[in-house]
Amino acid sequence: MEEKPIVLCGANAYTEKYYFNEDFDSLPEGIKKELQIMCVWFVQEVGGIFMLVFEPDGTLEFKTEANEYDGSIDEIGSYLKIKQMREERKELLESLEMYFKVFFLGEKADILEDGE
């Protein structure tokens, strides 16, 4: 059986909707709100569809899609926004990956690093 990516959340500029996967409802409200802001901000700035997706190995990926005939999508802006989010939200994104690996994949948490 092939493992499929799991969508954490996303936003759609075409339907003006935000989606949050209820499987992750145990996340703190502040984190859920921050994810919503990230997704909605992205589609307002760039357009199209934006999703945060967990790959089967626990890696959190940014996915973008656009309608085939949508000429308003800013592909360069999309790349720059994703780069900005990865830099500004690095700690949050790493924490989400750890959360997924521990609670969904059953891995042990490696809390102490670098000999701490």
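This chain uses plain numbering: 1 for the first residue, then up along the sequence. Values below: every heavy atom of this structure, side chains too, minus hydrogens, waters and symmetry copies.
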> How many angstroms lie between NZ in K81 and CZ in R86, if you round to the nearest 0.5 Å?
Replying inline: 15.5 Å
> Hey, are the side chains of L96 and L27 touching, using non-hydrogen atoms and a 4.5 Å cut-off?
Replying inline: yes
>> If you define the side chain from C-beta out and look only at heavy atoms, does anything of K108 sit under 4.5 Å from V102?
In response: no
>> For F100 and F54, take the angle between the two ring planes, folded into 0 to 90°, and tell me which bin it lands in: parallel under 30, tilted 30 to 60, perpendicular over 60.
In response: parallel
>> Quick one, K32 and D25 - any side-chain contact, counting heavy atoms below 4.5 Å?
In response: yes
>> Just so I know, are the side chains of F50 and E65 near enough to count as touching, which here means a heavy-atom distance under 4.5 Å?
In response: no
>> So which atom in I73 and which in A66 form the shortest heavy-atom distance, rounded to 0.1 Å?
In response: CG1-CB, 3.5 Å
> Relative to the ring of F20, is the ring of Y18 parallel (under 30°), tilted (30 to 60°) or perpendicular (over 60°)?
Replying inline: parallel
> Which atom pair, heavy atoms only, marks the closest approach of F62 to L93?
Replying inline: CZ-CD1, 3.7 Å
> Taking atom OH of Y79 as the centre, does the number of heavy atoms from other residues, nucleotides or ligands within less than 6.0 Å exceed 12?
Replying inline: no
> Where is the tightest heavy-atom contact between V46 and S78, given as atom of each residue plus distance?
Replying inline: CG1-CB, 3.6 Å
> Mind checking whether L35 and L8 have side chains closer than 4.5 Å, heavy atoms only?
Replying inline: yes
> So does E75 have more than 12 non-hydrogen atoms from other groups sitting under 6.0 Å from CD?
Replying inline: no
> Is Y99 close to I31 at the side-chain level, that is, under 4.5 Å between some pair of heavy atoms?
Replying inline: no
> Does the side chain of M51 reach to within under 4.5 Å of the side chain of Y19, using non-hydrogen atoms?
Replying inline: no
> Under 3.5 Å, side chain of N12 to main-chain N/O of I49, donor-acceptor pair present?
Replying inline: no
> How many angstroms lie between atom CG of L52 and atom SG of C39, to the nearest 0.5 angstrom?
Replying inline: 4.5 Å
>> E55 and salt bridge (Lys or Arg N to Asp or Glu O under 4.0 Å): which single residue from K101, K4, K63 fits?
In response: K63
>> Working to the nearest 0.5 angstrom, can you tell me the gap between F103 CZ and D23 CG?
In response: 14.5 Å
> Can you tell if the side chain of I82 reaches within under 4.5 Å of the side chain of T64, non-hydrogen atoms only?
Replying inline: yes
